[in-house]
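Not measured: the values here are computed from a predicted model. Chain letters run A, B, ... following the sequence lines, proteins first, then strands; residues in each count from 1.
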There are 2 protein chains.
Amino acid sequence: MSVEIKISLNKGLYLKEPQDSKLGRKMIKHSIMLIEKFGFEAFTFKKLAKEINSTEASIYRYFENKHLLLLFLVNWYWEWVSYLITMNTMNVIDPKLKLKIIIHSFVAAHKENPNVEYVNESKLHNIVISEGMKAYHTKDVDSENSKGFFKSYKNLTTSVSKVISEVNPDFKYPYALATNLFEMSNNSIYFAQHLPKLTDISLKENKVVEVEDMLLYFTNKLLKK
Amino acid sequence: MSVEIKISLNKGLYLKEPQDSKLGRKMIKHSIMLIEKFGFEAFTFKKLAKEINSTEASIYRYFENKHLLLLFLVNWYWEWVSYLITMNTMNVIDPKLKLKIIIHSFVAAHKENPNVEYVNESKLHNIVISEGMKAYHTKDVDSENSKGFFKSYKNLTTSVSKVISEVNPDFKYPYALATNLFEMSNNSIYFAQHLPKLTDISLKENKVVEVEDMLLYFTNKLLKK
DNA sequence: TTTTTTATGATAGTAATACTATTATTATGA
DNA sequence: TCATAATAATAGTATTACTATCATAAAAAA
């Protein structure tokens, strides 16, 4: 008995909606596992096919190529975080508190329910942290952007920027701050894990709490009137 | 008659120092041009070989693979920015002014002299903006980090963090801010060019000036006592 | 200057990747 | 049950990311 949520994404991201079939959901599930484990570069449709006892050809019927699959996953994550924020800030009036909840969602989204059977949110978050930016750092950004492939990210940061403006209507850079909160959140976790000299976060035991505190500190100071 | 600077990098980044031979310098020069033009994914040693009238085999004698070549270029950039900052902040006592110069170096490094014949700094900056993060978002980060392949980046951010601490010794996150200034600078330029909805920067005529103002605004507010 | 060493070029070859195409088989649902 | 759609099985191609070998040219040492 679980809450049923289906996240619907831009139709251009897939050839055939993977969430609507058993095989498609297996593709999502195991691509997340493989990409998280071996990294996006080492990930191939052949390996995924083997993992799910299917064939390359079948996967190509769902996704144009592995880049579009990554975009699909990352979009799913953006939509999911948006959904979480909407749920968790519902009925919350104080914009400062809303922002606090948003920041918590950025660093600890994977701890939240409800969870979808075919998506391991924690692993997906790791993918977003390690590989996420590759989704929009390609020579095709402009054409993909015009097809609306980054709509979910824009919606997410736009809604965050609105809360920022609620907290301080005079703040000149609500969009940049919103985007930066998301990026900095992911970067800080990544750096703490792999390049600790680039951050002040230790990330031993109390993991992401430090990142959360930092983002909160930054935000409060920046939005102070 | 130009100032001769040779940036020396971690020896593990190359098999044979490309800056020491005519052919090697051609590799640097034309890899920058090709990567900037077609993107890192589409870049191959075969194409580079054709471009410089050499062979794949010869390139492989200099660089282990294209990822290491990218790392070489990005390291070169980090070292070069460090060098610029050192030069431009020499004899500057006021830490706030130092930080201002640092921020200017981050957004407008490519406008600076002295320039090296085989490196188009402007194009290299574009590569760092568009592809830079791919240099440290791989499954090999940890092993590459242990070989010192990110030393230049760490040195750069460490020196910036010191200035930050000079401005405000009580600020708790000097490293994170230093790193974030660099990353945000590049991201903002990238977003303004490709995903303008993610930023407040317009980037029409007066280009990077807006980014510079924003980073300065953020920094001042964050470091205010 | 001749010899030796080193750098580069020319060429070939291999395993893996990123696909496309075709045909057979199995579900599903009208 | 028949038709339609989904998947599997298989094969094939161009490109990528290399490695290996040998010839030749250029630079350094003798």
- A:Arg25 side chain vs A:Tyr118 backbone, donor-acceptor pair below 3.5 Å: no
- Item | Any donor-acceptor N/O pair, B:Ser188 side chain to B:Ser185 backbone, under 3.5 Å | no
- Message: Less than 4.5 Å apart, side chain to side chain, heavy atoms only: is that true for B:Phe45 and B:Leu69?
- Response: yes
- Query: Using a heavy-atom distance cut-off of less than 4.0 Å, which residues of residues 15-44 of chain A contact DNA chain C?
  - Reply: A:Thr44
- Query: For A:Asn53 and C:dT26, what is the distance between atoms CG and C1' respectively, to the nearest whole Å?
  - Reply: 16 Å
- Would you confirm whether A:Glu36, through its side chain, and A:Lys123, through its main-chain N or O, come within 3.5 Å as a donor-acceptor pair? no
- Using a heavy-atom distance cut-off of less than 4.0 Å, which residues of residues 62-73 of chain A contact DNA chain D? A:Tyr62
- Going by heavy atoms in the side chains, are B:Ile7 and B:Asn75 under 4.5 Å from each other? no
- Atom-to-atom span, CD1 of A:Ile59 to C1' of C:dA18 - whole angstrom: 12 Å
- Message: Donor-acceptor check, side chain of B:Asn65 to backbone of B:Leu68, threshold 3.5 angstrom: yes or no?
- Response: yes
- Query: Which nucleotide in the list C:dA18, D:dT16, D:dA8 gets nearest to the side chain of A:Glu56?
  - Reply: C:dA18
- Query: Any donor-acceptor pair under 3.5 Å linking the side chain of B:Asp200 with the backbone of A:Tyr175?
  - Reply: yes
- If you look at every heavy atom in B:Ile28 and B:Phe72, which pair is closest and at what distance? CD1-CE2, 3.7 Å
- How many Å lie between OH on B:Tyr60 and C1' on C:dG9, as a whole number? 17 Å
- salt_bridge(A:Lys29, A:Glu117) N-O dist < 4.0 Å: yes
- Below 4.0 angstrom from OP1 or OP2 of C:dG9, is there any side-chain N or O of B:Ser54? yes
- Message: Between B:Lys6 and B:Asp20, does any side-chain N to carboxylate O distance fall below 4.0 Å?
- Response: yes
- Rounded interatomic separation in angstrom, taking NZ from A:Lys46 and P from C:dT20: 15 Å
- Message: Assess whether a salt bridge exists between B:Glu131 and A:Lys139, defined as any Lys/Arg side-chain N lying under 4.0 Å from an Asp/Glu carboxylate O.
- Response: no
- Can you check the B:Arg61 CZ to D:dT19 P distance for me, whole Å? 12 Å
- End-to-end bend of the helix from C:dT1-D:dA30 to C:dA30-D:dT1 (five-pair axes, 10° rounding)? 10°
- Query: Does C:dG9 have OP1 or OP2 sitting under 4.0 Å from an N or O in the side chain of B:Ser58?
  - Reply: yes
